[in-house]
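Everything below concerns the one structure shown next.
Order of the sequence lines sets the chain letters (A, B, ...), proteins ahead of strands, with each chain counted from 1. In this text, all values refer to a predicted model and were calculated from it rather than measured experimentally.
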Number of protein chains: 2
Amino acid sequence: MGELKKNFKAYLAAQGLKTTQQREVILDAFLASPSHLSTEEFYLKIRKKHPSIGYATVYRTLKLFSESGIAVERNFGDKQTRYEVLSDEEHHDHLVCTSCSKIIEFEDPEIERLQENVALRHGFKVLNHSLELYGLCADCTGK
Amino acid sequence: MGELKKNFKAYLAAQGLKTTQQREVILDAFLASPSHLSTEEFYLKIRKKHPSIGYATVYRTLKLFSESGIAVERNFGDKQTRYEVLSDEEHHDHLVCTSCSKIIEFEDPEIERLQENVALRHGFKVLNHSLELYGLCADCTGK
DNA sequence: ACTCCAATGAAATCGAATTTCAAAGTATCA
DNA sequence: TGATACTTTGAAATTCGATTTCATTGGAGT
């Protein structure tokens with residue numbers, strides 16, 4: 001079983017919560033899905049194979065993923081909350097195309113380091129961060 | 001008249017829109033207000049001196065500011081949209097305290113430069129960006 | 001199997017964002 | 001300056017995603 005699945009189950013156990021069929025299904029689907037789906041999009045996807053699972057359950061389960069630390073909530077320009085799998089220790093940021101909505105992930109340790117510096121200068125303890133560059137992707141630049 | 005006011009009026013003219021008393025009042029109040037007020041907060045503030053101005057007008061005018069380029073919409077953890085004056089060429093990012101909601105602005109040209117590099121590597125043309133560090137401010141670290 | 005809670009699904013509710021619509025205001029032009 | 005043509009405004013209605021409620025169902029330990 002993958003690390004993330006283990007972590008999530010451990011979280012459930014630790015909180016006195018239960019492993020249910022729905023949570024199993026949703027977790028598997030989540031790990032197999034592209035990142036950054038909105039709750040709605042993700043729900044529609046799940047519904048195809050599991051029509052009996054309700055929106056509320058998907059919604060609550062995604063929240064649980066976030067609370068357990070195996071996922072994070074993200075917010076790009078639109079108002080929908082999107083979820084992203086969070087592998088251990090790996091941070092990444094995003095390039096968001098304002099024309100076609102494509103999302104590209106990138107990592108830059110140097111930027112991370114500078115961020116820490118900034119925080120230090122302000123006596124700030126960073127728990128999380130979010131960096132998005134909005135603009136036109138290579139495909140859309142010409143249009 | 002300040003640069004921003006000029007820019008906004010020029011924008012109105014260019015779009016065939018009108019300068020109204022409400023827009024004048026709201027613009028002045030906006031330029032004189034602390035950054036990052038939410039629409040609601042800003043509306044309440046304006047209402048004190050101008051009880052006849054409606055929420056919808058404030059809402060629409062803030063949108064106009066954003067469209068005209070003299071302000072930008074921001075979204076920190078909560079769901080409220082916040083507006084920030086955008087002086088020419090000056091970018092800044094944010095430290096957001098998750099405990100007391102304090103917002104500290106900072107600038108870091110080096111981070112900006114690295115962001116441009118990342119974009120270049122991906123053939124991306126950056127139009128805007130958003131960088132927030134969430135965590136505990138100096139005051140809240142001890143609590 | 002029994003019991004205690006947690007979990008689920010459908011529907012209701014919430015809150016901010018956004019739109020509608022009739023009335024009023026602004027700018028242009030004769 | 002007065003008429004004309006739109007744009008703007010305020011209040012209320014609507015939209016839309018997020019979140020909660022509640023009656024019912026389902027895990028898990030005993």
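At the phosphate of D/dA18, OP1 or OP2 sits under 4.0 Å from a side-chain N or O atom of A/Thr81. Taking side-chain N and O atoms only, A/Thr57 has a distance below 4.0 Å to OP1 or OP2 of C/dG9. Proximity of B/Arg23 to the phosphate of D/dT9: a side-chain N or O atom is located under 4.0 Å from OP1 or OP2. Contact annotation: A/Gln22 side-chain N/O to C/dG9 OP1/OP2 distance is under 4.0 Å. Between A/Thr39 and the phosphate of D/dG17, there is no side-chain N or O to OP1/OP2 separation shorter than 4.0 Å. For B/Thr20 and D/dT9, the shortest distance from a side-chain N or O to OP1 or OP2 is below 4.0 Å.
C/dA17 atom P lies 10 Å from atom CZ of B/Arg82, rounded to whole Å. Here the P atom of nucleotide C/dC14 and the OH atom of A/Tyr59 are 15 Å apart, to the nearest Å. As a whole-Å value, the separation of B/Lys18 NZ from C/dA24 C1' is 11 Å. Taking atom CG of residue A/Leu64 and atom P of nucleotide C/dA7, one finds them 7 Å apart after rounding to whole Å. Between the OH atom of A/Tyr43 and the P atom of C/dG9 there is a distance of 9 Å, given to the nearest Å. Summarising the geometry, the separation between CD on B/Glu73 and C1' on C/dT18 is reported as 12 Å, rounded to the nearest angstrom. Distance CG (A/Leu17) to P (D/dG29): 13 Å, rounded to an integer number of Å. Distance CZ (A/Arg60) to C1' (D/dG26): 14 Å, rounded to an integer number of Å.
Summary of the strand contacts: B/Lys79 and B/Ser52 both lie near DNA chain D, and taking for each the nucleotide with the nearest heavy atom, the more 5' one is attributed to B/Ser52. Residue-to-nucleotide proximity on DNA chain D shows that, of B/Ile53 and B/Gly16, the 5′-proximal contact is made by B/Gly16.
Between B/His91 and B/His129, the ring-plane angle classifies as tilted under the 30° and 60° cut-offs.
Nearest heavy-atom pair across A/Leu27 and A/Phe8 is CD2-CD2, 3.7 Å.
Taking the side chain as every heavy atom from C-beta outward, B/Phe106 and A/His122 approach each other to under 4.5 Å.
Across all strands, A/Gln21 comes closer than 4.0 Å only to sugar-phosphate atoms, never to a base (heavy-atom distances). Using a 4.0 Å heavy-atom cutoff across all strands shown, B/Gln80 reaches sugar-phosphate atoms only and no base atom.
Between the side chains of B/His92 and B/Glu105, a donor-acceptor pair is found at a separation under 3.5 Å. Checked by atom type, the side-chain pair A/Glu84/A/His94 shows a donor-acceptor distance below 3.5 Å.
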